[in-house]
Amino acid sequence: MASADKPVDTEYSRPTSSAQAPAGVDLFKFDVILRFLLFAASLVSVVVIVTGNETKYLPRPRPAKFRYSPAFVYFVAALSVVGLYSIITTLASLFAIKNPALKAKLLLYFILWDALILGIIASATGTAGGVAYVGLKGNKHVDWEKICNVYDKFCRHVGASVAVALFGSIVTVLLIWISAYSLHSRVPK
């Protein structure tokens, strides 16, 4: 009447067959698209700020160039690094699509490096945006006059460049999210 077999708790039992780890969600094609967008955003941002030179004659010629401000020089250097990084990681993502065995390891590296790049983009965008704001509004407390009423073309270039860099930082946040989600989906439950 009573069976000698003990009831098996299916929640904590291990499968008897050799099951492999779950493949997880594969978002590498979307990853490649976002990395290409990051490259495009960094390239456009650098080109726009570098080409925004303007000279006004107030009685003598006074040029406005990005290289006259350390904040804008840092902005160009940081976004150049981001552009190079996005090229390298786009190629790595394409390689991972062709070689699926490396996907899980690359996802972890992408999360770490993307977080570092996000910090670089955010600091450069904040620095350039702060200087651009002072150029737009001035600061009456320290007698800094606004200059965007004089150098309007230069200020438009700086503002557009900062806006595109902000878009690049949003793209980087999305890259971190999809890498974390893809890695999380590969963890056996």
Side-chain angles (χ1 to χ4, degrees), residues 7-51 66 71-130 132 157-189:
V8 177
D9 188 7
T10 58
E11 184 178 354
Y12 297 107
S13 66
R14 294 182 182 232
T16 55
S17 65
S18 60
Q20 293 185 356
V25 178
D26 189 8
L27 297 173
F28 270 90
K29 291 177 184 169
F30 188 57
D31 184 76
V32 169
I33 293 168
L34 285 177
R35 290 186 188 282
F36 179 75
L37 276 175
L38 180 62
F39 170 71
S42 62
L43 179 68
V44 167
S45 189
V46 168
V47 168
V48 167
I49 197 169
V50 168
T51 60
F66 84 94
F72 295 150
V73 171
Y74 170 63
F75 181 76
V76 169
L79 285 167
S80 299
V81 168
V82 170
L84 178 63
Y85 169 78
S86 63
I87 291 171
I88 293 168
T89 55
T90 301
L91 294 175
S93 290
L94 289 171
F95 181 71
I97 290 172
K98 301 225 185 282
N99 189 0
L102 298 176
K103 286 184 179 181
K105 186 177 269 192
L106 273 179
L107 285 172
L108 181 62
Y109 292 141
F110 281 168
I111 291 171
L112 296 174
W113 285 104
D114 286 348
L116 177 70
I117 289 297
L118 177 62
I120 291 171
I121 294 173
S123 69
T125 304
T127 301
H157 276 253
V158 170
S161 183
V162 169
V164 173
L166 187 60
F167 170 75
S169 65
I170 292 169
V171 168
T172 308
V173 168
L174 291 175
L175 282 168
I176 293 170
W177 283 353
I178 67 166
S179 295
Y181 179 72
S182 296
L183 191 60
H184 173 72
S185 68
R186 294 175 189 278
V187 174
K189 312 241 179 331

Exercise. Could you check Thr172 against Val82 for side chain to side chain contact (heavy atoms under 4.5 Å, CB included), going step by step and ending with a plain yes or no?
Key: CA-CA 10 Å; Thr172 308; Val82 170; 5.7 Å; no
Between [atom1] of [X] and [atom2] of [Y], what distance do you get to the nearest 0.5 Å?
X	Y	atom1	atom2	value
Ile33	Ser93	CD1	OG	11.0 Å
Tyr85	Leu79	OH	CG	14.5 Å
Leu175	Ile117	CG	CD1	11.0 Å
Leu38	Leu43	CG	CG	11.0 Å
Phe95	Thr89	CZ	OG1	15.0 Å
Ile176	Leu34	CD1	CG	11.5 Å

side-chain contact (heavy atoms from CB on, under 4.5 Å) with Phe66: of Val46, Val158, Val48, Val76, only one passes, and it is Val76
For the residue pair [X] and [Y], establish whether any side-chain heavy-atom pair is separated by less than 4.5 Å.
X	Y	value
Ser123	Tyr74	yes
Trp177	Leu174	yes
Leu84	Ile88	yes
Arg35	Asp114	yes
Phe75	Ser161	yes

The side-chain contact (heavy atoms from CB on, under 4.5 Å) partners of Ile87 (sequence neighbours excluded) come to Phe39, Leu91
Non-hydrogen atoms of [X] and [Y] that approach each other most closely:
X	Y	value
Ala165	Thr125	CB-OG1, 3.4 Å
Gly83	Ser86	O-OG, 2.7 Å
Asp31	Ser179	OD1-OG, 4.2 Å

Under 3.5 Å, sequence neighbours excluded: what are the donor-acceptor pairs made by side chains of residues 97-111?
from, atom 1, to, atom 2, distance (Å)
Lys103, NZ, Asp26, OD1, 3.2
Lys103, NZ, Asp26, OD2, 2.6

